[in-house]
Amino acid sequence: MKNIFKNVILAAGILSVTACSDYLEQIAPSEHLNSEVFSSKEEAQLATNKLYGMLTEPTYGTYMPIYFGAGTDCELIDGLSTESLNTTSERGNMNYNFSTAWTVLNTAWNGFYSIINYCNLVIEGVNGSELANDEEMRCHLGEALTIRAMCYLDLTRLWGDVPYVTDTDPDSENMYRGKTDRDVIQDACIEDLQKAIELLPWAGEKGATTERVTKGYAYGLLAQTALTRAGFSIREASKAGYENLGVEDVTLKDYCDATYPTQRPAKADRDKYYKIAATATAAVITSGKHKLNPSFEDEWYQINQLNLDKKYQENLFEIANGIGVTGELGYTIGKRINGASDFFGSKGNSSGKLKLTGQFFQTFDNTGNTGETVSSYKTVDKRRDVTFALFQMKQATGFKYYNQTHTESLFYDDKQCTGPFQFYCGKWNPLWFNKDLQNVARKSGDAKWVTGINVVRMRYSQILLYYAEACYKLGGAGHSVNGGPTALAALEEVHTRAYDDKDAGKAFIDNLANENFMEALYAENAWEFAGEGIRKFDLIRWGQLSHKIVEAKKAFLDGVKLQPSQGGYPRQFFYRFKTTKLDAAGKYELLEADPKSFCWFGTDVYPVYDGEVRATKYDTMDQKWFAHGDNGQSDTNLKNNLPSICDGLNPWSKIGEAAEYRATTLFNSQTNGSVRNRYIFPIGAITLSATNGTLQNSYGY
């Protein structure tokens with residue numbers, strides 16, 4: 001526990017970042033230097049910059065955006081079957097088979113509290129400065145208050161009740177502090193954010209960009225915190241006046257543990273927080289400072305290009321990384337470069353840490369598939385083919401395509417997905433990297449390389465969906481707040497962005513919302529944010545995490561047992577290649593799977609391509625995605641992989657809703673701990689040891 005509260009001193013040096021080279025230039029004042037540092041606006045600026053540098057370290061650089069968001073109905077950590085029991089790595093722990101010996105728990109915990117302690121230094125420094133009323137100094141105060149609130153929200157979402165520290169005295173008797181109720185912490189964060197909003201500029205004003213905390217992100221974080229406060233959370237003990245999971249929806253009753261119940265506040269209290277969230281998001285929407293990029297694909301292309309969007313400012317806050325200095329996105333997650341290639345160098349990347357599922361792929365709106373001709377097939381919701389990387393890039397000789405074996409070395413799109421739980425996330429795509437980043441990959445040799453791609457902490461589509469949810473909870477789909485759109489209109493804005501035919505997109509989401517607004521919002525959350533480390537925490541506060549995982553498993557069972565004509569999964573996927581130039585000189589080429597050629601059918605009947613000529617095995621490629629036993633594959637996915645997914649979250653043998661899934665898959669319980677809905681992290685063993693008994697684990701750990 002001592003390293004939680006010690007002063008953090010950064011080694012000397014200046015780090016460069018993507019869009020602005022001085023963001024990570026920093027100094028490190030201690031409590032003894034605060035009066036000196038914060039008597040100068042220039043030194044106060046450098047001191048505040050350190051906060052942004054600390055956000056590039058593993059806690060927010062890797063764990064939050066990649067590891068900790070895994071384990072949902074559509075996002076899996078790279079660990080199936082017996083690997084889900086590996087409690088020494090994320091493969092077991094992010095399947096909810098937690099162990100206090102997992103060292104990442106201690107590293108992340110210390111990372112959060114190091115940032116918090118430095119925020120406290122800045123807050124005390126500004127408040128104690130003779131320049132405290134200066135506009136720039138007040139902005140630094142707002143930045144520190146916001147970043148501290150962000151850390152505490154994430155700590156409480158991951159660990160529940162945690163120590164709450166707002167001072168910086170390392171010699172205090174409060175060195176070994178006990179836990180504070182998460183509700184108290186989140187209420188304090190709401191107060192801090194309401195203060196910060198008054199101190200911060202909007203992005204685009206007074207030189208502020210979205211690589212710094214601005215008014216828009218503080219509003220968004222306020223809404224996120226308020227909705228979390230109103231939502232469900234597993235508790236160390238039952239709280240009087242709180243509502244148990246399953247009271248409103250009896251389907252969810254089995255997921256509420258008797259000893260450690262999952263609860264939310266009473267309706268009157270929930271409405272108070274919904275009003276805070278609705279008001280905050282309405283302020284962002286009506287400000288006009290942030291908008292959706294009209295193209296979902298271009299939104300992600302710009303992120304991969306390391307271009308800071310100053311036109312739409314869809315990303316309310318990005319953690320700034322530096323090319324070749326910091327950044328795991330595009331290396332540890334994204335489309336895979338499998339091994340050495342002339343274009344990307346001898347290392348490739350290792351981007352399969354997080355996977356997406358085939359049953360999720362099937363949920364996107366594909367109403368444009370009207371026949372067996374390829375020209376009749378079109379992707380209606382364009383987010384799907386950005387979100388999923390169906391292929392990996394590979395360079396090899398002897399590659400056989402169109403029934404010809406080529407002896408020359410080719411760089412080509414290879415069959416990546418050999419099963420339904422093997423889809424990589426395509427939002428980080430090496431083909432979209434800018435030239436400088438491609439050069440970093442080539443020049444890194446056999447060493448791991450870092451991308452410099454920014455971590456996006458919040459997008460404007462989250463603002464719209466938070467607003468839609470809060471307004472709906474307060475007054476229904478037609479409700480609006482402070483000049484904002486209706487709840488339904490906000491939901492429509494997110495959904496229709498992904499469509500060329502806006503009317504078709506509107507009709508699709510309206511049909512879902514008319515049937516069940518919240519179910520439509522749950523689905524929209526997945527389509528929009530899959531792979532970004534966002535969905536898990538929303539599912540938790542909705543009380544839907546366990547339920548949606550069971551629904552996804554049952555959907556897989558239905559998909560593999562039904563014929564495609566009955567709504568089952570397609571048995572074959574067909575595609576053709578096109579040649580893509582990777583450099584202006586034409587030296588490097590990729591034999592790329594052409595998205596315009598993609599189609600899938602329920603039989604081995606080959607599709608009809610342009611010219612009304614039916615393809616044959618000699619001029620098209622095929623791939624079996626849903627390997628489940630009836631297409632020449634083994635039953636591994638049914639009997640081993642499917643049961644292992646998130647298998648530590650619940651004692652599945654006691655969940656009535658999972659009965660069909662258990663019987664069909666010859667269910668083997670593996671570990672399946674005794675506590676229901678135990679998504680919460682244990683405190684790491686090293687951290688516990690350092691507290692001399694002040695902190696203990698709960699939830700049956």
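These numbers come from the heavy atoms of this one structure, side chains and all, not from hydrogens, waters or symmetry mates. These figures come from a predicted structure and were not determined experimentally.
- In this structure, R457 fails the cation-pi test against F317, since its NZ or CZ atom is not both closer than 6.0 Å to the six-membered ring centre and inside 45 degrees of the ring normal.
- Under 3.5 Å, the side chains of T56 and N321 contain no donor-acceptor pair of N or O atoms.
- In this structure, the separation between CG on D309 and NE2 on H290 is 10.5 Å, given to the nearest 0.5 Å.
- Side-chain contact of Y274 with D269: a donor-acceptor pair under 3.5 Å is absent, judged by distance alone.
- To the nearest 0.5 Å, the span separating CG on D134 from NZ on K41 amounts to 4.0 Å.
- A donor-acceptor contact closer than 3.5 angstrom is absent between the side chains of T146 and E143.
- Between Q263 and S238, the side chains place a donor N or O and an acceptor N or O closer than 3.5 Å (distance only, hydrogens not considered).
- W202 places no side-chain N or O within donor-acceptor distance of the main-chain N or O of K289, the cut-off being under 3.5 Å.
- Ring pair Y699/Y260 is tilted by interplanar angle, where 30° to 60° counts as tilted.
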List the atom pairs, with distances to 0.1 Å, where a side-chain N or O of residues 523-533 and a protein N or O form a donor-acceptor pair under 3.5 Å, not counting sequence neighbours.
residue, atom, partner, partner atom, Å
E524, OE1, H495, ND1, 2.6
E524, OE2, R383, NH1, 2.6
E524, OE2, R383, NH2, 3.0
E524, OE2, H495, ND1, 3.4
N525, OD1, R535, NH1, 3.0
N525, ND2, D538, OD2, 3.0
W527, NE1, T363, OG1, 3.0
E528, OE1, R383, NH1, 2.9
E528, OE2, R459, NH1, 2.9
E528, OE2, R459, NH2, 3.4
E528, OE2, S461, OG, 3.1
E528, OE2, R497, NH2, 3.0
E532, OE1, R459, NE, 3.1
E532, OE2, K427, NZ, 2.6
E532, OE2, R459, NH2, 2.8

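- Distance check, rounded to the nearest 0.5 Å: CD1 of I185 to OG1 of T156 gives 6.5 Å.
- Remark: R541 engages E469 in a salt bridge, criterion side-chain N to carboxylate O under 4.0 Å.
- Among residue pairs with one or both ends in residues 213-222, none qualify as side chain to side chain donor-acceptor pair (under 3.5 Å); sequence neighbours excluded.
- Residues F98 and F681 bring their aromatic ring centres within 6.0 Å.
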